[in-house]
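Below, each value reflects all heavy atoms present in this structure, side chains not excepted, and no hydrogens, waters or symmetry copies.
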Amino acid sequence: MITATICEIIHDGKLLLQRKASGRFGEGKWNGPGGKVNPGETPMDGVIREVKEETGLTIHDPELLGNIDFYFGEKEKPDWTTYIFRVTQFTGELTPNEEGELRWFKKEDIPYGEMWADDIHWLPSLLEGRRVTGTFWFDEEGEELIRHELKVE
């Protein structure tokens, strides 16, 4: 099982998303910056490191608002467990890199049709500051969302 993070960075009413580059996991899809947590690293440390690597930004006071397990195919344990953070304060300048294109989106312009199929179910609540806990089952290729369970507080 892979432990990972996603960071939803909000500034001036806009959300920062990254379109994953060709050859990367999730290639072509828009997603919040983040990635795998290294051995011995906490999800908090991982999200701070990953955001810095992928965007050039140093995030401050990340708020853990979600935990989602992802299955790709039918199996007993999830393939990924993902900690989702929301951030409104950061320093630095956006620095594009090989991970993919970075772009700010107004909340009404978030490209859900070009994102993972689960995002439409939990991201709007998380952007409102609500906590989300869920499990999402995809087909083995990760293209089709088969079913999901979601709790929003």
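Within a 6.0 Å sphere centred on CD of E98, other residues, nucleotides and ligands contribute more than 12 heavy atoms. With a 6.0 Å radius and a threshold of 12 heavy atoms from other residues, nucleotides or ligands, E108 has its CD atom above the threshold. Within a 6.0 Å radius of NZ in K75, other residues, nucleotides and ligands contribute more than 12 heavy atoms.
W116 is not listed as a side-chain neighbour of F136, based on a closest heavy-atom distance of 4.5 Å or more. Considering only heavy atoms from C-beta on, V51 stays 4.5 Å or farther from V87 through its side chain. The shortest distance between side-chain heavy atoms of I68 and I6 does not fall below 4.5 Å. Put simply, the side chain of W122 does not reach to within 4.5 Å of the side chain of V152, judged on heavy atoms. In this structure the side chain of L94 reaches within 4.5 angstrom of the side chain of L57, judged on heavy atoms. Residues T135 and P78 have side chains not in contact (no heavy-atom distance under 4.5 Å, counting atoms from C-beta outward).
The aromatic rings of H121 and H148 sit tilted, their planes meeting at an angle between 30° and 60°. Note on ring orientation: taking the six-membered ring where Trp is involved, the planes of F90 and W104 are parallel (angle under 30°, cut-offs 30° and 60°).
Qualifying side-chain contact (heavy atoms from CB on, under 4.5 Å) partners for L65, counting only residues two or more places apart in sequence or in other chains: E63, R86, L126, R131.
The two residues F85 and P62 make their nearest non-hydrogen contact at CD2-CB, 3.8 Å.
Partner E114 forms a salt bridge (Lys or Arg N to Asp or Glu O under 4.0 Å) with one of R103, K20, R19 and no other, that one being R19.
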